[in-house]
2 protein chains.
Amino acid sequence: MKKYLEILRHCPLFDGIDSESLIRMLGCLGARVASFDKKYTVFAEGSPAKYIGIVLSGSVQIVQVDYYGNRSILSKIGAAHMFAEAFACAEIGAMPVTVIANEPCEVMLIDCGHILHTCTNNCGFHQQLIYNLMKDLATKTLLFHQRIEITAKRTTREKLMAYLALQAKEAGSNSFEIPFDRQELADYLDVDRSGLSAEISKLRREGVLTSAKNRFVLLK
Amino acid sequence: MKKYLEILRHCPLFDGIDSESLIRMLGCLGARVASFDKKYTVFAEGSPAKYIGIVLSGSVQIVQVDYYGNRSILSKIGAAHMFAEAFACAEIGAMPVTVIANEPCEVMLIDCGHILHTCTNNCGFHQQLIYNLMKDLATKTLLFHQRIEITAKRTTREKLMAYLALQAKEAGSNSFEIPFDRQELADYLDVDRSGLSAEISKLRREGVLTSAKNRFVLLK
DNA sequence: CTCCTTTTGTTGAAAATTCAACAGATTTAT
DNA sequence: ATAAATCTGTTGAATTTTCAACAAAAGGAG
């Protein structure tokens with residue numbers, strides 16, 4: 001487990017917990033590590049929602065796929081961040097979404113029950129973990145609000161511009177890279193891919209932006 | 001404060017806390033009560049996000065309004081439920097949404113800092129409150145997932161049917177009332193109101209459902 | 001380096017949404 | 001009870017999206 005310490009120290013779940021305690025805690029929590037190749041399923045929709053996942057390397061996508069096969073990407077989770085924690089904490093039976101490896105990745109899995117309930121030895125860190133989960137869930141809620149603000153727009157152009165403006169703001173620059181390819185961006189914005197490509201071309205012709213692959217530059 | 005006890009006992013924030021302790025706690029937390037008439041603003045977008053709100057009577061709406069005045073309804077919060085807790089817990093400066101009284105209502109406001117930080121007397125209930133907040137935020141996350149699953153659909157008909165199917169499931173019956181009028185439902189589904197009305201009429205003609213005001217019956 | 005696969009951009013037609021305007025129904029206020 | 005205000009359903013035109021098909025570009029495997 002020691003090899004993952006450097007990453008785990010940056011995981012919001014372990015805020016305020018020193019490295020030594022962390023190591024001990026991992027054993028106590030029954031943490032284990034799993035690896036997935038690109039496109040492999042980490043958690044399938046409908047599977048038991050027992051585990052909190054932590055991305056150790058690579059990244060995963062949280063996706064919903066409806067009856068007709070339409071995909072919607074809820075978020076992309078990178079190193080040191082958690083996924084599925086809301087479902088595990090809410091103690092619902094089954095996963096309402098699918099988690100897919102976005103690239104080859106390693107994830108740590110922790111049975112959430114061990115965090116919420118069975119802490120026989122009343123370690124002080126137990127409370128800290130719950131506090132950290134609360135903080136993390138509050139932050140995740142903000143991300144959902146952002147996504148909803150974007151996808152609530154009615155046209156592809158408005159959605160795209162709202163998304164790009166937010167990315168620019170977060171990057172602190174008019175030039176930035178986005179973490180999605182075209183199909184993924186379309187699935188995040190809930191629009192048609194070809195229509196999205198067309199809109200990007202149009203914005204480029206209009207001089208609103210320039211783009212090369214995943215790098216965009218907002219002009220004006 | 002005693003008059004609100006019966007409601008507050010059902011608030012997720014106070015799960016596992018007996019009435020007597022609750023009363024004492026409210027004083028310690030500096031809880032106060034405010035009343036709002038229909039359509040009045042409880043929290044404006046951009047205002048400080050310090051307070052957790054609890055609906056004591058009536059209900060409030062959480063809404064986003066964009067640059068052009070387009071409204072998107074994120075959720076409706078009824079008696080005993082919390083609002084703005086994610087923003088207060090995340091300790092961001094400003095509210096990213098607006099909270100509006102949906103009808104005449106009373107709300108309890110609690111400075112979240114008093115829950116997260118300044119508990120000098122190390123009461124055991126402090127930990128319980130944080131645990132309860134964590135649970136509540138996990139549950140709210142599920143609601144966002146539901147909403148996203150609905151609004152990710154591409155047509156008004158698909159959004160509407162997904163929404164109604166969910167309402168029927170929650171009501172445990174094919175006959176149920178929804179908490180929105182037409183304009184509100186359109187703003188929740190992120191579609192045009194007149195188009196929504198037209199779609200409902202069409203579904204009725206096709207024998208998929210019957211409806212009268214806010215009561216719908218799914219047939220077949 | 002070449003072949004094969006995946007991704008991206010384009011296009012036109014069909015389908016759906018938005019928008020604006022209006023009339024009838026319902027609700028609220030006085 | 002009556003008038004005013006709000007809500008709902010309808011319609012047609014303009015706009016936009018989706019869909020399907022294809023070609024060019026980029027990326028990966030051997």
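To find a chain, count down the sequence lines: A is the first, B the second, and so on, and within it residues start at 1.
Across D:dT11, C:dT17, D:dA21, the shortest atom-to-atom separation from the side chain of B:Thr156 is found for C:dT17. Side chain of B:Asp181, nearest nucleotide from D:dT8, D:dT17, C:dA16: D:dT8. Comparing D:dT18, C:dT18, C:dA16 by their closest approach to the side chain of B:Thr155 singles out C:dA16. Each of C:dT27, D:dT8, C:dT10 was ranked by its minimum atom distance to the side chain of B:Lys213; first place goes to C:dT27. Taking only side-chain atoms of A:Ser201, from C-beta outward, the nucleotide of D:dT17, C:dT10, C:dC19 with the closest atom is C:dT10.
OP1 or OP2 of D:dT16 has not a single side-chain nitrogen or oxygen of A:Arg157 nearer than 4.0 Å. Contact annotation: B:Ser194 side-chain N/O to C:dC19 OP1/OP2 distance is not under 4.0 Å. Within the structure, a side-chain polar atom (N or O) of A:Arg154 is placed less than 4.0 Å from OP1 or OP2 of C:dT18.
One can place OH of A:Tyr68 at 12 Å from P of D:dC19, the figure rounded to the nearest angstrom. For B:Glu184 and D:dT8, the CD to P distance is 8 Å, given to the nearest whole Å. Here the C1' atom of nucleotide C:dA25 and the CG atom of B:Asn214 are 15 Å apart, to the nearest Å. Protein atom CD1 of B:Ile200 is 6 Å distant from nucleotide atom P of D:dG9, rounded to whole Å.
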Start with the C-alpha distance between A:Glu103 and A:Lys38, add both sets of side-chain angles, then the distance that settles salt bridge (charged side-chain N to carboxylate O under 4.0 Å, His left out), and finish with yes or no. CA-CA 4 Å; A:Glu103 52 188 315; A:Lys38 183 173 180 173; over 6 Å; no

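Between atom CG of residue B:Leu164 and atom CD1 of residue B:Ile178 there is a gap of 6.5 Å, rounded to the nearest 0.5 Å. Here the straight-line distance linking atom CG of B:Leu22 with atom CG of B:Leu29 works out to 9.0 Å at 0.5 Å rounding.
Note: B:Phe43 and B:Phe83 have tilted aromatic rings, judged against thresholds of 30 and 60 degrees for the angle between ring planes.
When each of A:Lys50, A:Lys140, A:Lys135 is tested with A:Glu85 by the rule salt bridge (Lys or Arg N to Asp or Glu O under 4.0 Å), just one qualifies, namely A:Lys140.
Residue-to-nucleotide proximity on DNA chain C shows that, of A:Gln183 and B:Asp190, the 5′-proximal contact is made by A:Gln183.
Counting distance only, with no hydrogens placed and no angle test, the side-chain atoms of A:Arg204 and the base atoms of C:dG9 include no donor-acceptor pair under 3.5 Å.
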